[in-house]
Protein chains: 2
Amino acid sequence: MEDIVAQVMRQWQRVHPGLDTAPMAVIGRLNRCFLLIQQAADAPLREHGLTRSEFDILGALRRLDRELTPSQIARETFASGAAVTKRLRFLEERGLVARRPDDRDGRVSHLSLTGQGRTLIDRMLPEQVDYDASLLAGLAVERQRELAELLGELLLLLEGRPGVRAL
Amino acid sequence: MEDIVAQVMRQWQRVHPGLDTAPMAVIGRLNRCFLLIQQAADAPLREHGLTRSEFDILGALRRLDRELTPSQIARETFASGAAVTKRLRFLEERGLVARRPDDRDGRVSHLSLTGQGRTLIDRMLPEQVDYDASLLAGLAVERQRELAELLGELLLLLEGRPGVRAL
DNA sequence: AGCAAGTGTTTTACTTGTAAAGTATATGAC
DNA sequence: GTCATATACTTTACAAGTAAAACACTTGCT
């Protein structure tokens, strides 16, 4: 049986016989897997009234286990400053994060999880991981490991480019 | 050297020692690879004044090599009908696709590439494939093949779910 | 024929994200 | 001290997508 990307590659071969479609086999599939996974995995978040991006902010605050400034959050979650501003407003209004001014630098503020925020992320995270695991469940564990390793190689490569960096 | 997702996994391990972070190794990396690739690969499209989604419509018309209705385009490009309507308006205004009414069914129209549209996609496609190839170039060909195969397995699995289907 | 139900497409109202400009504060040269 | 420049963050104006409603037409039942 053939996946949708293999079908698309064959269609291209028919109209452009000379074309080397090999890169599509990786990148097309990666795109398609991403979209299907995202669609599936965002559903449980919606039930808690959060978008993926908001969840990522709570996650960053929890896993780094300390206060973060808006720009640190932007870097950690690979988001623009403007996007972080909006999300923090929402998370503050919902009482999930709290803001504290910096003592020395008036431009900066520090965000932390409230009790409620921490409770929420600690409930959601295992849910999310389990859900992710269920999406992969049809793949043998050894295949999952191979896939993780190959994606790690690729990611390291892509991170080497001009692109964004963490922390 | 460690990729960003491996770092995040270690951070989670520190604050939640019991947590099985293995699913993140696949899904987190897949997400991150997707975002970096998208960011990189969309740049050449912008130079031609197209978004990825508009490019996908031209691509579908080219590779299927026949007229398509808006709903066929929606299915082929995994987009909502509303999104397709907007994109077709833009592509028509730019003279890249042409619309023709159906003889028998007044609700339906048929879209085809104009000469200009076909010239554009035939120029862009090899560019895009080459660009994709360059993103993967740091990975040995054999590793690329393995990655494509594993992603194909995963994709087949994910397509089996309730989700969207092609053609 | 006439109407209920279904299908194909577009429109509307809204959400989310971005780039660029704007605001406020800090830093270093003089 | 004060000014130019840099930094941190927010606001604004806009782009692009969606879900649900609206619209237009077709189909099949009677």
Side-chain angles (χ1 to χ4, degrees), chain A residues 31 34-36 38-40 42-43 45-57 60 67-94 97-112 163-164 167, chain B residues 31 34-36 38-40 42-43 45-46 48-58 60 67-94 97-112 163-164 167:
Chain A
N31 290 350
F34 170 82
L35 291 170
L36 288 170
Q38 170 170 268
Q39 206 175 329
D42 285 2
L45 302 183
R46 299 270 167 190
E47 282 173 26
H48 292 280
L50 290 185
T51 63
R52 162 75 44 183
S53 308
E54 289 148 6
F55 175 79
D56 284 346
I57 291 182
E67 293 182 326
L68 295 176
T69 67
S71 20
Q72 288 172 329
I73 291 175
R75 275 195 298 278
E76 278 301 324
T77 61
F78 308 104
S80 69
V84 170
T85 296
K86 281 192 181 179
R87 290 164 195 160
L88 288 177
R89 177 159 47 221
F90 171 80
L91 293 171
E92 272 186 276
E93 277 167 9
R94 283 209 37 192
V97 305
R99 192 186 289 261
R100 165 183 87 70
D102 189 279
D103 313 321
R104 332 180 102 229
D105 189 336
R107 295 167 302 178
V108 173
S109 54
H110 299 270
L111 283 300
S112 54
V164 205
L167 221 162
Chain B
N31 289 349
F34 170 83
L35 290 170
L36 288 170
Q38 170 170 268
Q39 205 175 331
D42 285 2
L45 302 183
R46 299 268 167 193
H48 293 280
L50 291 184
T51 63
R52 162 75 44 185
S53 309
E54 289 146 7
F55 174 80
D56 284 346
I57 292 182
L58 298 185
E67 292 182 328
L68 295 176
T69 67
S71 20
Q72 289 173 329
I73 291 175
R75 276 196 296 279
E76 278 300 325
T77 61
F78 307 103
S80 69
V84 170
T85 296
K86 281 193 182 178
R87 290 164 195 161
L88 287 178
R89 177 160 45 223
F90 172 80
L91 293 172
E92 273 186 274
E93 277 167 9
R94 282 209 36 193
V97 305
R99 191 187 290 262
R100 166 184 86 70
D102 189 279
D103 313 321
R104 332 179 104 230
D105 190 335
R107 296 167 301 180
V108 174
S109 54
H110 299 271
L111 283 301
S112 55
V164 204
L167 219 160

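Reminder, nothing fancy here: chain letters follow the sequence lines and each chain counts from 1. Remember, it's a predicted structure, so these values are computed and weren't measured experimentally.
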Looking for any heavy atom pair under 4.0 Å, which part of the strands does A:Ser80 touch: base, sugar-phosphate only, or nothing?
sugar-phosphate
From CZ (B:Phe34) to CD (A:Gln38), nearest 0.5 Å:
7.5 Å
Starting at atom CZ of A:Phe90, determine the distance to atom P of C:dC14, rounded to an integer number of angstrom.
18 Å
Atom CG of B:Asp105 to atom P of D:dG28: distance rounded to whole Å?
12 Å
Working to the nearest 0.5 angstrom, can you tell me the gap between A:Thr69 OG1 and A:Glu76 CD?
10.0 Å
Quick one: A:Asp56 CG to C:dG17 P, roughly how many Å, whole number?
10 Å
May I have the distance from B:Glu76 (atom CD) to C:dG8 (atom P), rounded to whole angstrom?
15 Å
Mind checking if B:Arg52 touches a base, just sugar-phosphate, or nothing, with heavy atoms under 4.0 Å?
nothing
Mind listing the closest non-hydrogen atom pair of B:Val84 and B:Pro70 along with its distance?
CG1-O, 3.8 Å
Would one find a side-chain N or O of B:Arg104 under 4.0 angstrom from OP1 or OP2 of D:dC25?
no
Taking only N and O in the side chain of A:Ser109, is any of them less than 4.0 Å away from OP1 or OP2 of D:dA8?
no
Counting distance only, does the side-chain N/O of B:Arg94 pair as donor-acceptor with the main-chain N or O of B:Gly49 below 3.5 Å?
yes
Using only side-chain N and O atoms of B:Arg99, determine if any of them is under 4.0 Å from OP1 or OP2 of C:dT10.
yes
Give the rounded distance in Å between these two atoms: CZ of A:Arg75 and C1' of D:dT7.
12 Å
Need to verify one output field. Residue with the more 5' nearest nucleotide on DNA chain C, A:Gly106 or A:Lys86?
A:Lys86
When you check the phosphate oxygens OP1 and OP2 of D:dA22, does a side-chain N or O of B:Arg107 lie under 4.0 Å from one of them?
no
Consider the side chain of B:Pro70, meaning its heavy atoms from C-beta on, and name the nucleotide among D:dA8, C:dT10, D:dG17 that approaches it most closely.
C:dT10
Counting the atoms with a prime plus P, OP1 and OP2 as sugar-phosphate, which does B:Gly81 contact under 4.0 Å by heavy atoms, base, sugar-phosphate, or nothing?
base
Using atom CG of A:Leu68 as one end and atom P of D:dA8 as the other, report the distance to the nearest whole Å.
14 Å
Nearest whole Å is fine: how far is D:dT18 C1' from A:Gln39 CD?
12 Å
Please determine whether a side-chain nitrogen of the Lys or Arg among A:Arg107 and A:Asp105 lies less than 4.0 Å from a carboxylate oxygen of the Asp or Glu.
yes
Phosphate contact (C:dT11 OP1 or OP2) by B:Arg89 side-chain N/O below 4.0 Å:
yes
Specify the separation, in whole Å, of atom CG of A:Asp42 and atom C1' of C:dT16.
13 Å
Choosing from D:dA16, C:dG8, C:dT16, which nucleotide comes nearest the side chain of B:Val108?
C:dG8
Name the closest nucleotide to the B:Ala82 side chain, picking from C:dA26, D:dG17, C:dT11.
C:dT11
